[in-house]
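Report on the following structure.
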Amino acid sequence: MNYWLVKSEPYKYSWKNLLKDKKTTWDGVRNYGARNNLKSMKKGDLVFFYHSNEGLEIVGIAKVVKEFFQDPTTTETAWVSVELAPYKTLKKPVTLAFLKNDSFLKEIELVRLSRLSVSKVTETQFLKICELGEVTL
DNA sequence: GCCAACGTTGGC
DNA sequence: GCCAACGTTGGC
């Protein structure tokens, strides 16, 4: 099992939208690093859902329900999508400011590679953030 | 294959 | 609205 994090600008697609939709196609990724991460996702992997621009916090955990396939928003075969479904909502969102201030969590790719829209999360980071978010898996 | 110019992302 | 970080493009 691997752990990931995706960013979304809430005015475009928020965690609430995902809860309402029950599942969504994660499309529109046009960055090779992010694309490679999408390709590495396995069914059942857990994915933090982060609100960028507004909120600046991790708000939920989604689950990979379908592994990568051609991104339906383009005919260029370089780009892929996965399907995500909501899994758990964090009782207490974990903010970027908090992560940056934590000597352990500041190593997370979300902080280190701030422009990457799909990033990796280690198991330890994942569990720590779940604890902070008061969410039980 | 290097690197300057430029564009984009996203936090502040 | 600014700017740092970083990816991409294109000339050489």
Side-chain angles (χ1 to χ4, degrees):
Chain A
M1 156 100 73
N2 285 301
Y3 304 93
W4 311 94
L5 179 145
V6 296
K7 292 189 206 179
S8 187
E9 299 177 31
Y11 75 90
K12 285 185 186 158
Y13 195 85
S14 69
W15 179 244
K16 270 189 183 166
N17 292 131
L18 182 57
L19 289 174
K20 185 159 58 76
D21 293 347
K22 301 286 197 333
K23 65 174 183 179
T24 193
T25 298
W26 208 255
D27 59 26
V29 171
R30 296 291 182 272
N31 167 285
Y32 287 103
R35 188 281 310 266
N36 292 344
N37 285 335
L38 288 181
K39 281 193 161 185
S40 302
M41 288 184 184
K42 296 291 174 200
K43 199 171 174 180
D45 281 359
L46 297 179
V47 184
F48 281 134
F49 196 103
Y50 173 80
H51 280 163
S52 61
N53 284 308
E54 302 161 38
L56 308 186
E57 56 193 10
I58 297 171
V59 289
I61 305 171
K63 186 181 271 201
V64 177
V65 290
K66 190 174 172 192
E67 290 175 18
F68 79 91
F69 51 93
Q70 171 67 37
D71 185 331
T73 65
T74 177
T75 53
E76 291 176 51
T77 52
W79 308 118
V80 301
S81 296
V82 296
E83 210 161 83
L84 298 179
Y87 176 59
K88 295 274 169 110
T89 300
L90 268 60
K91 277 200 194 112
K92 289 170 77 176
V94 177
T95 66
L96 179 67
F98 184 92
L99 296 175
K100 283 187 159 177
N101 268 309
D102 185 280
S103 59
F104 174 70
L105 290 171
K106 73 177 184 203
E107 296 301 320
I108 195 169
E109 282 192 359
L110 171 69
V111 174
R112 279 180 36 237
L113 310 176
S114 60
R115 290 181 59 241
L116 194 61
S117 61
V118 182
S119 61
K120 289 177 199 149
V121 178
T122 67
E123 184 172 31
T124 335
Q125 289 163 351
F126 187 86
L127 295 172
K128 185 94 185 279
I129 291 167
C130 286
E131 199 180 306
L132 292 163
E134 294 181 9
V135 65
T136 46
L137 298 172

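Reminder, nothing fancy here: chain letters follow the sequence lines and each chain counts from 1. These figures come from a predicted structure and were not determined experimentally.
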Any sub-3.5 Å donor-acceptor pair from [X]'s side-chain atoms to [Y]'s backbone N or O?
{"X": "A:K66", "Y": "A:T25", "value": "no"}
{"X": "A:K92", "Y": "A:L132", "value": "no"}
{"X": "A:N101", "Y": "A:A97", "value": "yes"}
{"X": "A:Q70", "Y": "A:T74", "value": "yes"}
{"X": "A:E109", "Y": "A:K120", "value": "yes"}

For a 4.5 angstrom cut-off between non-hydrogen side-chain atoms, does [X] reach [Y]?
{"X": "A:I61", "Y": "A:L90", "result": "yes"}
{"X": "A:I129", "Y": "A:L99", "result": "yes"}
{"X": "A:T89", "Y": "A:V135", "result": "no"}

Where protein sits on nucleotides 7-12 of chain B, one letter per nucleotide: B base, S sugar-phosphate only, - none, heavy atoms under 4.0 Å: BBBSSS
Can you pull every protein N or O that's under 3.5 Å from an N or O on nucleotides 2-4 of chain B?
none

Electrostatic pair A:R35:A:D71 at N-O distance under 4.0 angstrom: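 No.
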Interface residues of residues 25-32 of chain A with DNA chain B (non-hydrogen, below 4.0 angstrom):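 Heavy-atom cutoff 4.0 Å gives no residues at all.
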Divergence of helical axes at both termini of the helix from B:dG1-C:dC12 to B:dC12-C:dG1 - five pairs an end, 10° steps: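 Roughly 10°, once rounded to the nearest ten degrees.
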Whichever hydrophobic residues join A:L38 through chains of side-chain contacts under 4.5 Å: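 Under the 4.5 Å side-chain rule, A:L38 groups with A:W4, A:V6, A:Y13, A:W15, A:L18, A:L19, A:W26, A:V29, A:M41, A:V47, A:F49, A:V59, A:V64, A:F68, A:V80, A:V82, A:L84, A:V118.
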Under 4.5 Å side-chain linkage, directly or through intermediates, the cluster mates of A:L113: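 A:L113 shares its hydrophobic cluster with A:L116.
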Between A:N17 and A:S14, a side-chain donor and acceptor under 3.5 Å: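 The answer is yes; a qualifying pair exists.
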